[in-house]
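Note sheet for the following structure.
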Amino acid sequence: VQLQASGGGLVQAGGSLRLACAASGRSFSSNVMGWFRRAPGKDGVFLAQINWSGSSTKYADSVKGRFTISRDNAKNSVFLQINSLKPEDTAVYYCAASHATWPVNSDRFEYWGQGTQVTVSS
């Protein structure tokens, strides 16, 4: 599985972004998909994951209510809607895929995209 994230950019606090991740590979629809981020000088953190059908999602407590993960298997894509952006959301955002059984431990994501930069100005 190859992943390509996009949709990042520079936004003002309070704004919204929709990140997209395009996947190649015939097994996309069977993968659990996830989003992570890495802020400058910090470790990567799990944000959200979604099961193969999109019927189940799981979020980090810190982003519940502001972040929404979704997927479109017909388009081999997964999305992350981010609302009410805060300066502390500034990070490189990565999409990831896993063949493991739902729900997936964050260390079980085997495939990673290159990341897309999100910068939130105050």
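- Heavy atoms only, all atoms of each residue included: S16 and Q81 are closest at CB-NE2, 3.8 Å.
- Both Y59 and L85 belong to a common hydrophobic cluster when Ile, Leu, Val, Met, Phe, Trp and Tyr are linked at side-chain heavy-atom distances under 4.5 angstrom.
- In this structure, the separation between CH2 on W102 and CG on N31 is 13.0 Å, given to the nearest 0.5 Å.
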Donor-acceptor list for residues 63-70 side chains, cut-off 3.5 Å, not counting sequence neighbours:
residue, atom, partner, partner atom, Å
K64, NZ, D61, OD1, 3.1
R66, NH1, N83, O, 3.3
R66, NH1, S84, O, 3.0
R66, NH1, D89, OD2, 2.8
R66, NH2, D89, OD1, 2.9
R66, NH2, D89, OD2, 3.4

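- The minimum heavy-atom distance between R38 and K42, with the atom names listed, is CG-O, 3.3 Å.
- Of the listed residues (L47, L3, T116, L19), just one forms a side chain to side chain contact (heavy atoms under 4.5 Å, CB included) with C95, and that residue is L3.
- No donor-acceptor pair under 3.5 Å is formed between the side chain of R108 and the backbone N or O of P103.
- No single ILVMFWY cluster, assembled from side-chain heavy atoms under 4.5 Å apart, contains both Y93 and F36.
- Y111 and H99 have perpendicular rings, their planes meeting at more than 60° on a 0 to 90° scale where under 30° would count as parallel.
- By the rule that hydrophobic residues join a cluster once side-chain heavy atoms approach within less than 4.5 Å of another member, V104 and V45 end up as members of separate clusters.
- For the pair A22 and S77, the tightest heavy-atom approach, listed with the atom from each and the gap, is CA-OG, 4.2 Å.
- Two rings, from F109 and F46, have their centers 6.0 Å or more apart.
- The main-chain N or O of N76 is never found under 3.5 Å from a side-chain atom of N73 such that the two would form a donor-acceptor pair.
- Between P87 and A13, the shortest heavy-atom contact is CD-CB, 4.1 Å.
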Test log, rule side chain to side chain contact (heavy atoms under 4.5 Å, CB included), inputs V118 and T90: CA-CA 5 Å; V118 172; T90 295; 5.9 Å; no
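- Contact detail for L80 and A48: the closest heavy-atom pair is CD1-CB, 4.4 Å.
- Residue Q117 places its CD atom among more than 12 non-hydrogen atoms of other residues, nucleotides or ligands, all under 6.0 Å distant.
- Note: Q49 CD to N105 CG = 8.5 Å, rounded to the nearest 0.5 Å.
- Residues I82 and Y94 do not share a hydrophobic cluster, clusters being chains of Ile/Leu/Val/Met/Phe/Trp/Tyr side chains in contact below 4.5 Å.
- Residue S53 holds its OG atom at 8.0 Å from CZ of R71, rounded to the nearest 0.5 Å.
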Check against side chain to side chain contact (heavy atoms under 4.5 Å, CB included), V78 and I50: CA-CA 9 Å; V78 63; I50 188 167; 4.1 Å; yes
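- Of the N and O atoms on the side chains of S98 and E110, at least one donor lies less than 3.5 Å from an acceptor on the other residue.
- When all heavy atoms are compared, the tightest approach of A91 to R37 is CB-CB, 3.9 Å.
- Separation of atoms NZ (K86) and OG (S122) is listed at 14.0 Å; rounding is to 0.5 Å.
- Atom CH2 of W112 is surrounded by more than 12 heavy atoms from other residues, nucleotides or ligands within 6.0 Å.
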